[in-house]
Amino acid sequence: MPHPEPASPLHETMLEVLHEARRRGMSHSRYSLQACRFLLVAHAPAGQTTGTPCEGCLERWPCHTVLGVLGGLKPTHASRPASHDREGNPR
């Protein structure tokens with residue numbers, strides 16, 4: 001059986017990922033990045049380890065909302081790497 005990980009460092013890392021996404025000008029497929037931050041704060045872990053209830057919805061943490069926020073981040077056109085043709089030349 002897997003051992004639960006400490007939830008607080010993981011939650012802090014998620015907030016840092018969101019901060020970095022804002023810094024890079026990324027977007028989210030469903031929400032504004034400000035709303036994403038609110039959702040991550042509202043859906044913080046209620047306990048000290050993963051698998052304990054979420055403060056926002058009482059699902060096991062990380063809950064579906066948290067995973068949806070992180071999974072919906074997407075690069076903008078400016079932050080995508082340039083595409084290349086078969087010979088390796090930029091398009």
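We're numbering straight along the sequence, starting at 1.
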Does some side-chain heavy atom of [Y] sit less than 4.5 Å from a side-chain heavy atom of [X]?
{"X": "L15", "Y": "V41", "result": "yes"}
{"X": "L10", "Y": "W61", "result": "yes"}
{"X": "C36", "Y": "L39", "result": "no"}
{"X": "L33", "Y": "L18", "result": "yes"}
{"X": "L70", "Y": "M14", "result": "yes"}

Review point. Judged by atom type as modelled, is there a donor-acceptor pair below 3.5 Å linking the side chain of H28 to the main-chain atoms of V69?
Key: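 Answer holds: yes.
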Exercise for review: Search all heavy atoms of E59 against all heavy atoms of H64 and return the closest pair with its distance.
Suggested key: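 Scanning both residues, the minimum pair turns out to be OE1-ND1, 2.8 Å.
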Practice item. Check C63 against H43 and note the closest heavy-atom contact, atom names and distance. Key: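 Scanning both residues, the minimum pair turns out to be SG-ND1, 3.6 Å.
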Atom [atom1] of [X] and atom [atom2] of [Y]: how far apart are they, to the nearest 0.5 Å?
{"X": "K74", "Y": "S29", "atom1": "NZ", "atom2": "OG", "value": "6.0 Å"}
{"X": "M26", "Y": "R22", "atom1": "CE", "atom2": "CZ", "value": "13.0 Å"}
{"X": "H11", "Y": "T50", "atom1": "NE2", "atom2": "OG1", "value": "13.0 Å"}
{"X": "R60", "Y": "C54", "atom1": "CZ", "atom2": "SG", "value": "12.5 Å"}

Point to revise | Sequence-distant partners of E5, salt bridge (Lys or Arg N to Asp or Glu O under 4.0 Å), two or more places apart | key: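 Checked E5 against salt bridge (Lys or Arg N to Asp or Glu O under 4.0 Å); zero matches.
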Exercise for review: Look at atom CD of Q34 and say whether more than 12 heavy atoms of other residues, nucleotides or ligands are closer to it than 6.0 Å.
Suggested key: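 No, CD of Q34 has 12 or fewer neighbouring heavy atoms, counting only those of other groups under 6.0 Å.
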